[in-house]
Amino acid sequence: MGVFEFMIGRKKPTPGEVAKERLKVALAHDRIKVNPELLELIKHDLLKAISQRMEIDEQHVQVNMAREGGFDKILADMPVKRQKIAFEWDPPSHSPAASALKGGPLHVEIERMRDDK
Amino acid sequence: MDSRVITITSGKGGVGKTTTTANLGTALAMMGKKVAVVDSDIGLRNLDAVLGLENRIVYDLVDVVEGQCRLRQALIKDKRQPELYLLPAAQTRDKNAVNSVQMEQLCQQLRPEFDYIIIDSPAGIEQGFRNAIVGADEIIIVANPEMASVRDADRIIGLVESAGKPEPRLILNRLRPEMVRRGDMMDVADVLEVLGVDLLGIIPEDENIIIAINKGEPIVYDKRTKAGRAYFNAAQRILGEEVPLEEVTEATSLMERLRRLMGFGPALTERRVRS
Ligand SMILES: Nc1ncnc2c1ncn2[C@@H]1O[C@H](COP(=O)(O)OP(=O)(O)OP(=O)(O)O)[C@@H](O)[C@H]1O
Ligand SMILES: [Mg+2]
């Protein structure tokens, strides 16, 4: 982006640029014959896999085909709601936690909220 | 033997196939080639009018294919170019009056007589389009720099390739430099990047084209017009000559040039560098 463009604050893409981007997506669909139903399935599969590790904001998930640098790509945009961190904790035997637990490891689950929004 | 059959097609209608056929054909004839332009848009005859030959039609393509007349009887000699001939489309026939085998045979019949046979394809991707490309050595796609046209062009490129034809070249028609400069229209580079084909020519939007069509005189005769020069250059590229691409996007007004110099110019130049 040129300095002046920045100064006048034009961050919005021009209609020409919008057309080009929309075309890229449309053509990628057309070319590899990915119909919306197939994309829905892929989206579902991705969500299922990723949700085991992270909580995804399902309302705002976008899965699309695009063409960049001569290659067709799948672009998945999946906003993370919460990150699930779960692990087994085996505290050192001398620590107070260990005596409180009386042996067996501790199951820890931490939920981290998204810090934006 | 050495003849080349070139089909002008587009997918989308009204983007300039007939205008392009008439102008490339005329330009090649001006350069001393023997040329036949063939209107394969059966039922929607147009090429005759763009060339100003609409009052001379006796027989047409379907008559030839059905053996109602000999090829020579149907070919109409151009008004100004002694080596340019038109094979008109039938006007009152169904668009499925001809099949692919017949079209291929027609091309074979024309080849010994001409250096270049240029076929004006109908819009669409149905039988008429397939007939138009079946006998072609080369395909030229006409597109306008807007979404629907480029998208259809992409579809055609796929169909041309799956028909076993070499990769088509592109004529980008109706480019509006002012709009490109403002960022309101896709640039030549944008379209080429998206389609991934070679460029044969850029024809600017030019109201002189409409005037020329009204007069029945192809615009290539008028070298003072940008579109006329652009078509002439494209025809030279068909002959294999290296003609630099005309700067259609060049700034015209002093104000515009100044603004560019100062960096107020639109993203055009920068985008070029980046890509
Ligand atoms: N570069 C141009 N500048 C201005 N007008 C143009 C230009 N090219 C084409 N036109 C206009 O567009 C009209 C349609 O062009 P043309 O008949 O060549 O398209 P076509 O692709 O053959 O259409 P169809 O699909 O109906 O056969 C022309 O009559 C003319 O008015
Ligand atoms: Mg036409």
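Because the structure is a prediction, the values reported are computed rather than measured. Proteins get letters first, then strands, A, B, ... in listed order; numbering begins at 1 in each.
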**OP:** For R130(B), enumerate each residue passing the salt bridge (charged side-chain N to carboxylate O under 4.0 Å, His left out) test, keeping only those at least two apart in sequence or located in another chain.
**Re:** none
Original post:
E17(A) versus M186(B): any side-chain heavy-atom pair under 4.5 Å?
Top reply: no
Original post:
Which distance, rounded to the nearest 0.5 Å, do you find between the OG1 of T14(A) and the CG of D187(B)?
Top reply: 10.0 Å
**OP:** Check the surroundings of atom CD in E241(B): do more than 12 heavy atoms from other residues, nucleotides or ligands lie under 6.0 Å from it?
**Re:** yes
Subject >> Pairwise distance CG(L27(A)) to CE(M147(B)) - rounded to 0.5 angstrom >> reply: 7.5 Å
**OP:** Check whether any side-chain heavy atom of V194(B) lies under 4.5 Å from a side-chain heavy atom of K24(A), and answer yes or no.
**Re:** yes
Original post:
Sequence neighbours excluded, which residues qualify as side chain to side chain contact (heavy atoms under 4.5 Å, CB included) partners of L46(A)?
Top reply: I42(A), V63(A), A76(A), M78(A)
Subject >> Residues of residues 149-170 of chain B near chain A, each having a heavy atom less than 4.5 Å away >> reply: V150(B), R151(B), D154(B)
Original post:
Which members of residues 14-25 of chain B, sorted by number, sit under 4.5 angstrom from chain A on a heavy-atom basis?
Top reply: none
